[in-house]
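One structure is given below, encoded as structure tokens.
Whatever order the structure lists ligands and atoms in, that order sets their numbers, starting from 1.
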Amino acid sequence: MLKFGVMASGSGSNFKAILERIRSGEFQAQCLFLISNNGNCGAVGYAKDYGIPVFHISGKTHPDGAAYEAALLEVVDRFDVDLVVLAGYMKVLPSSFIKRLAGRILNIHPSLLPKYGGKGFYGMHVHEAVIAAGEQESGATVHLVGEEIDSGRILAQGRVPVLPTDTPESLAARVHEVEHQIYWKAIRDYGKCLKG
Ligand code: GRF
């Protein structure tokens, strides 16, 4: 069975959507840990609800960069996961971590990459830019994590219309819904490719 860990910093709605699919039996996998740099975020609350061990690893808990990197790797090694799933993880990952887990870290981004990705395109900034550019379509992208931000092979995309009446908030809500539908399937399908 696919074993993965999650890294998240925020509300955790993607994390929750994945856990719900596992609980319902639609997605046969085991989530073995949550790493968060924010000990009070929504994602930590969901991990506790589902009995998933939480590791709070941040610049505060580990002010020394090398100790921070070692702490991340120690968790991944201890649980021996197939994949690490980023679900709204707001810190840039150390390159040692990315190299060590090459091809085994997935991320979801709230735009149709390669559009509206890279430095500065996070959170509401993405949706503001999409609306300002007059795009008629937006969506979400699941991709492998490479050393460049929002780079890496695209594994899945979900599309939504941009309506003339949209605000960044209304568009964000529509994109979030599609994220919840595509992320668990992309993890499942990529996991099958990896494990055969
Ligand atoms: C999502 O929009 C995702 O695309 C981005 O971070 C956000 C996380 O949202 N990487 P949530 O915490 O899962 O609600």
Under a 4.0 angstrom heavy-atom cut-off, which atoms of ligand 1 come close to Ile108? 3 (C), 4 (O), 5 (C), 10 (N)

Centre-to-centre under 6.0 Å for Tyr190 and Phe4, is that the case here? no

Atom indices of ligand 1 within 4.0 angstrom of Ser13 heavy atoms, with elements: 11 (P), 12 (O), 13 (O), 14 (O)

Min side-chain heavy-atom separation Val142-Gln157 under 4.5 Å: no

Going by the atom numbers of ligand 1, which of them fall below 4.0 Å from some non-hydrogen atom of His109? 4 (O)

Check whether any heavy atom of Ser11 sits under 4.0 Å from an atom of ligand 1. yes

Got the closest protein heavy atom to atom 12 (O) of ligand 1, with its distance? Gly12 N, 2.8 Å

Charged N-O contact under 4.0 Å between Lys99 and Glu147: yes

Is any N or O atom of Asn107, backbone or side chain, closer than 3.5 Å to an N or O atom of ligand 1? no

Ranking His176, Glu179, Lys16, His180 by closest non-hydrogen atom to atom 9 (O) of ligand 1, top hit is His176

Would you say the side-chain atoms of His180 and Ser13 include a donor-acceptor pair closer than 3.5 Å? yes

Name the closest protein heavy atom to atom 8 (C) of ligand 1, giving the residue it belongs to and the distance to 0.1 Å. Gly88 CA, 3.6 Å

Taking only Lys NZ, Arg NE, NH1 and NH2, and the carboxylate oxygens of Asp or Glu, determine whether Asp82 and Lys195 approach each other closer than 4.0 Å. yes

Minimum side-chain heavy-atom gap Thr167-Ser170 below 4.5 Å: yes

